[in-house]
2 protein chains.
Amino acid sequence: MIAATPDPPYVAVIFTSIRATATDAPGSEPYDEHGYAETATAMEQLARAQRGYLGIESARNPGGLGITVSYWATDGDARAWKLVAEHLVAQRLGRERWYAQYRTRVASVGRDYGT
Amino acid sequence: MIAATPDPPYVAVIFTSIRATATDAPGSEPYDEHGYAETATAMEQLARAQRGYLGIESARNPGGLGITVSYWATDGDARAWKLVAEHLVAQRLGRERWYAQYRTRVASVGRDYGT
């Protein structure tokens with residue numbers, strides 16, 4: 001679903017990640033879709049419970065790059081979410097090594113358009 | 001690949017879309033992955049040729065939600081790109097009806113973090 005965000009301004013947290021492969025995580029199954037989906041669901045549930053949550057969108061190329069964009073009322077809300085989300089990712093990263101690489105970008109949405 | 005963007009500030013254009021299904025586009029094949037991939041490639045090639053291009057990231061759930069985030073040096077560069085990209089999408093939309101719904105958000109990236 002496309003997030004039903006209000007009129008701008010609001011804040012977007014763009015989380016881009018690349019899955020670890022079997023080569024990156026010896027001994028683990030490549031492409032642990034079940035575990036990954038669990039973390040994505042946990043992240044979405046956590047996000048919904050945070051102050052200032054406006055919506056979340058998530059997509060992943062099978063076995064490849066993933067992008068999750070969450071939307072927040074204020075920069076402070078986004079900052080708080082970043083700490084929660086990275087804590088969750090770090091917990092899972094230590095156990096499962098899903099992410100070979102990731103980047104979080106915090107951005108102020110000034111305009112939007114669409115159907 | 002995660003885009004190798006410079007230190008902020010820079011601008012992100014977040015394009016979220018939902019694929020049309022056979023129900024939405026009678027007579028067309030559902031999930032025309034070949035045609036979709038062509039447009040995604042065309043969009044990336046076009047983006048690289050634009051002034052101020054910093055990088056692009058794209059992910060799509062098979063048959064579902066897709067997110068493409070492109071990064072730009074200035075707001076003016078992002079604005080110019082939005083016109084080019086929406087023109088391309090509109091051209092393909094008329095022919096192929098890939099997108100049931102889409103939203104474009106233009107945002108100023110103030111901070112980033114990652115591996």
Side-chain angles (χ1 to χ4, degrees), chain A residues 1-20 24 33 37 40 54-72 75 78-79 82-83 85-86 89-90 93 99-115, chain B residues 1-20 24 33 37 40 54-72 75 78-79 82-83 85-86 89-90 93 99-115:
Chain A
M1 291 280 295
I2 294 180
T5 43
D7 287 342
Y10 52 87
V11 181
V13 177
I14 307 163
F15 177 77
T16 307
S17 61
I18 295 178
R19 298 281 300 275
D24 296 317
E33 298 294 347
L54 298 179
I56 195 165
E57 296 163 348
S58 199
R60 177 164 294 277
N61 298 323
L65 187 91
I67 303 172
T68 296
V69 189
S70 57
Y71 300 101
W72 303 91
D75 191 73
R79 192 178 291 269
K82 175 186 170 289
L83 295 178
E86 292 193 346
V89 168
L93 190 65
Y99 299 115
Q101 191 188 0
Y102 70 91
R103 180 149 287 268
T104 304
R105 296 175 172 99
V106 182
S108 302
V109 178
R111 308 188 292 281
D112 62 7
Y113 317 85
T115 51
Chain B
M1 289 282 294
I2 294 180
T5 43
D7 287 342
Y10 52 87
V11 181
V13 176
I14 306 163
F15 177 76
T16 307
S17 61
I18 295 178
R19 297 284 300 277
D24 296 318
E33 299 294 347
L54 298 178
I56 196 165
E57 296 163 348
S58 199
R60 177 164 295 276
N61 298 324
L65 186 91
I67 304 172
T68 297
V69 188
S70 58
Y71 300 101
W72 303 92
D75 191 73
R79 191 180 292 269
K82 175 185 170 290
L83 295 178
E86 292 193 346
V89 169
L93 191 65
Y99 299 113
Q101 192 188 358
Y102 70 90
R103 181 149 287 267
T104 304
R105 297 174 173 99
V106 183
S108 301
V109 178
R111 307 188 292 281
D112 63 7
Y113 316 86
T115 50

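Proteins get letters first, then strands, A, B, ... in listed order; numbering begins at 1 in each.
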Open item on the list: If you compare all heavy atoms of B:M1 against all heavy atoms of A:I18, which two are closest, and at what distance to 0.1 Å?
Closed with: CA-CD1, 4.0 Å
Open item on the list: Checking A:R111 now: which residues fulfil side chain to side chain donor-acceptor pair (under 3.5 Å) with it, not counting sequence neighbours?
Closed with: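 By the side chain to side chain donor-acceptor pair (under 3.5 Å) rule, A:R111 matches A:Y113, B:D75.
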TODO: Would you please name every residue forming a side chain to side chain donor-acceptor pair (under 3.5 Å) with B:S70, sequence neighbours left out?
DONE: B:W72, B:W81
Task: B:T5 vs A:R103, side chain to side chain donor-acceptor pair (under 3.5 Å): CA-CA, chis, key distance, verdict - done: CA-CA 10 Å; B:T5 43; A:R103 180 149 287 268; 5.3 Å; no
- [ ] Would you mind checking which part of B:I2 comes under 4.5 Å of any heavy atom in chain A, side chain (CB onward), backbone (N, CA, C, O), both or neither?
- [x]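 B:I2 touches chain A through backbone and side-chain heavy atoms alike.
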Task: Residues B:V69, A:I67; criterion side chain to side chain contact (heavy atoms under 4.5 Å, CB included); working and verdict - done: CA-CA 9 Å; B:V69 188; A:I67 303 172; 4.2 Å; yes
TODO: Count the heavy-atom pairs under 4.5 Å between each of A:I14, A:D112, A:V13, A:V11 and chain B, then report the option with the highest count.
DONE: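 That would be A:D112.
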Open item on the list: Below 4.5 Å, heavy-atom pairs only: which of B:A107, B:P8, B:A3, B:A12 has the largest tally toward chain A?
Closed with: B:A107
